[in-house]
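Step one of this worksheet: look at the structure below.
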Amino acid sequence: MAVLTIDAGTTGVTALVVSTEGTVLARGYQEFAQHYPAAGWVEHVPEEIWQATLAATQEAVDATDAEPECVGITNQRETAVLWNRERGSAPRRAIVWQDRRTAQLCTELAEAGHEPRVTELTGLRLDPYFTATKLTWISRNDRRAWQGVMDGSVAVGTVDSYLIARMTGRRRHVTDASNASRTLLYDIHQGTWSPELCALFGVPEHALPEVVPSYGTIAETDPGEFLGLRLPISGIAGDQQAAMFGQNCYEPGSSKCTYGTGSFVLVNTGKAPVPPERGLLSTVLWQHPDGHRDFALEGSIFVTGAAVQWLRDGLGMIDSAQEAEGLARTVSDSNGVVFVPALTGLGAPHWDPQARGAILGITRGTGRAHIMRATLEAIAFEVRDVVDAMSSASGTDTEELRVDGGAAANNLLCQMQADQLGVSVARPTVQETTALGAAFLAGLGSGVWSSTEELTATWHLDRRFTPQVPDDSQRAAQEAAYRQWLRAVERAKDWVQ
Ligand code: G3P
């Protein structure tokens, strides 16, 4: 028995075939284009996400004899997608979670006094990150597409909904509670779309997907549309929630950090949402088939791996992200350079959509290795910012941080992270935990596994990074570097006028 899982991330789609032991039997991957039509704007072509999904899935299923029993979907969250219900074609590009075009609209809504109520209902805040203001923007600026939304011919959703519509031959328009909880339109207490918020953002409820549990009987793929495969779609979750599932963070207090385009630290807070404090978000982890939901506090950092990607693609400093560690290790420190990678504004815990990236402390002695080392340090500092916020919000200290995602393979980063946090960092053998989590959800939903205890047995430690206990002067230097980072963050804020 095996499970197919699809992780439709921000820059590409990964498909895995996973065994009942939780090992990866086969893999496929396909990147798709990023579009930056204006400063701070980020768009995707939905058809390209769909084609990448087909290509990655084909590659994975061709690479193994194991026949999948079911499929799980996980996805970049918050991104707003529109598609024609009958044809599946999209009337416009998707507006991506990183897109900042609605910063002014968010400010206006906050100034009009809406933020406390929005936070109370959703656990989120008024920031361009979330789906709702992207839809408001479309309603005001793309009349043709919005006409279809109003007359019911065009569906609205996040990437999971869009892919499921395509995979089922447009028969199903669904999302799960974890994805719904990122839209600013979903009441996390009631577990339903909020008529009040739909009215505030001008989004008709009839355009939104049905919200279903994160695992169980959800839909079935149409073989005519989906590579000849007829499979139950029995697991769906936003990528960060899926990574929590894949890291076996089922108990309150357990936490993980996924290093992807951005980095996202989540801690399981149990059966009820806790009020978000200190720049954190309160969000649905997953909904069980019996309807009850588990919740998390989340620290969403927008740019971490994307900063390395920018050094590669924007500056040509390296040829591949794998070279980052080697280059950074050629120097012993960043020689005073601090990089604030606020390339798409700042998320948790600072929240400033008008912030932009800054590299400070450059001298004649600065080389590319120092900038690369400063980039890895920045990732560790950003994660420390949110872990510190979590500790003060919850009053308890993190005991261990489980890490996953692309940059978790970087040993230097993991060690920096452990040193900055002062807690051990645990890396599992399978680091594609997002895709694994969706496989676990799907397998649980269709009976491949029968309990989370079974899944816990599949987690294996690859390596634990313990904080290197420095002497007092090293500790002082480390703290001084962190304070310098916080000063640099202040300088990057409020840059766009
Ligand atoms: O909230 C955005 C997040 O879901 C994107 O994750 O892994 O595509 O950077 P990733």
Side-chain angles (χ1 to χ4, degrees), residues 5-14 29-32 34 42 44 49 52-53 56 73-81 94-100 122-125 127-132 134 157-163 175-176 178-184 186 214 236-247 256-266 280-286 296-310 321 341 343-348 351 353 379 382-383 386 403-409 431-438:
T5 174
I6 294 167
D7 173 7
T10 307
T11 52
V13 180
T14 303
Y29 179 72
Q30 181 67 49
E31 248 178 49
F32 54 82
Q34 309 291 309
V42 188
H44 291 158
I49 301 178
T53 301
I73 317 277
T74 182
N75 54 290
Q76 53 159 321
R77 308 167 300 169
E78 298 98 12
T79 296
V81 193
I95 303 185
V96 177
W97 60 275
Q98 298 160 318
D99 193 292
R100 310 277 86 197
T122 64
L124 310 176
R125 48 197 298 130
D127 189 89
Y129 177 29
F130 306 105
T131 321
K134 301 178 197 297
T158 38
V159 168
D160 55 319
S161 302
Y162 169 68
L163 290 181
T175 189
D176 89 301
S178 72
N179 274 297
S181 77
R182 311 297 297 184
T183 58
L184 274 189
Y186 180 79
S214 309
I236 319 174
D239 56 7
Q240 303 311 320
Q241 290 90 335
M244 283 288 277
F245 211 80
Q247 286 275 27
K256 67 89 201 177
C257 172
T258 302
Y259 299 100
T261 312
S263 289
F264 299 84
V265 184
L266 277 77
L280 301 170
L281 307 170
S282 197
T283 206
V284 174
L285 266 180
W286 39 71
L297 267 182
E298 172 173 325
S300 322
I301 305 162
F302 294 156
V303 172
T304 56
V308 177
Q309 219 169 35
W310 173 70
L343 309 184
T344 59
L346 285 168
W351 295 103
I379 298 174
E382 289 186 292
V383 170
V386 295
V403 296
D404 56 80
Q431 286 145 40
E432 285 164 304
T433 316
T434 300
L436 189 69

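Only a predicted model underlies this, so the values are computations on that prediction, with no experimental measurement involved. Both ligands and their constituent atoms are indexed starting at 1 by order of listing. Worth knowing before you read on, the calculation uses all heavy atoms, side chains too, and leaves out hydrogens, waters and symmetry mates.
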Note to self: I'd like to check which ligand 1 atoms, numbered from 1 as shown, lie under 4.0 Å from a non-hydrogen atom of E78.
What the structure shows: 1 (O), 2 (C)
Next item on the list: Identify the two heavy atoms, one from T131 and one from E78, that lie closest to each other, and give their separation to 0.1 Å.
Entry: OG1-O, 2.9 Å
Next item on the list: Compute whether any side-chain donor of one residue and acceptor of the other, for Y129 and R182, lie under 3.5 angstrom apart.
Entry: yes
Checklist line | Atom indices of ligand 1, in the order listed, that fall short of 4.0 Å to a heavy atom of T261 | finding: 8 (O), 9 (O), 10 (P)
Notebook entry, point to check: Q247 and D404: side-chain donor and acceptor closer than 3.5 Å?
Noted result: yes
Checklist line | Distance-only polar pair, side chains of N179 and N75, donor-acceptor under 3.5 Å | finding: yes
Check: Less than 3.5 Å between some nitrogen or oxygen of T10 and one of ligand 1, yes or no?
Finding: yes
Notebook entry, point to check: Quick check: does R182 get an N/O under 3.5 Å from an N/O on ligand 1?
Noted result: no
Notebook entry, point to check: Between S214 and D176, is any side-chain donor less than 3.5 angstrom from a side-chain acceptor?
Noted result: yes
Checklist line | Y129: numbered ligand 1 atoms lying under 4.0 Å from its heavy atoms | finding: 1 (O), 2 (C)
Check: Which ligand 1 atoms are under 4.0 Å away from a heavy-atom of G262?
Finding: 9 (O)
Item checked: NZ or CZ of R77 within 45° of F264 ring axis and under 6.0 Å -> yes
Check: In terms of residue, atom name and distance, what is the protein heavy atom nearest to atom 6 (O) of ligand 1?
Finding: D239 OD2, 2.8 Å
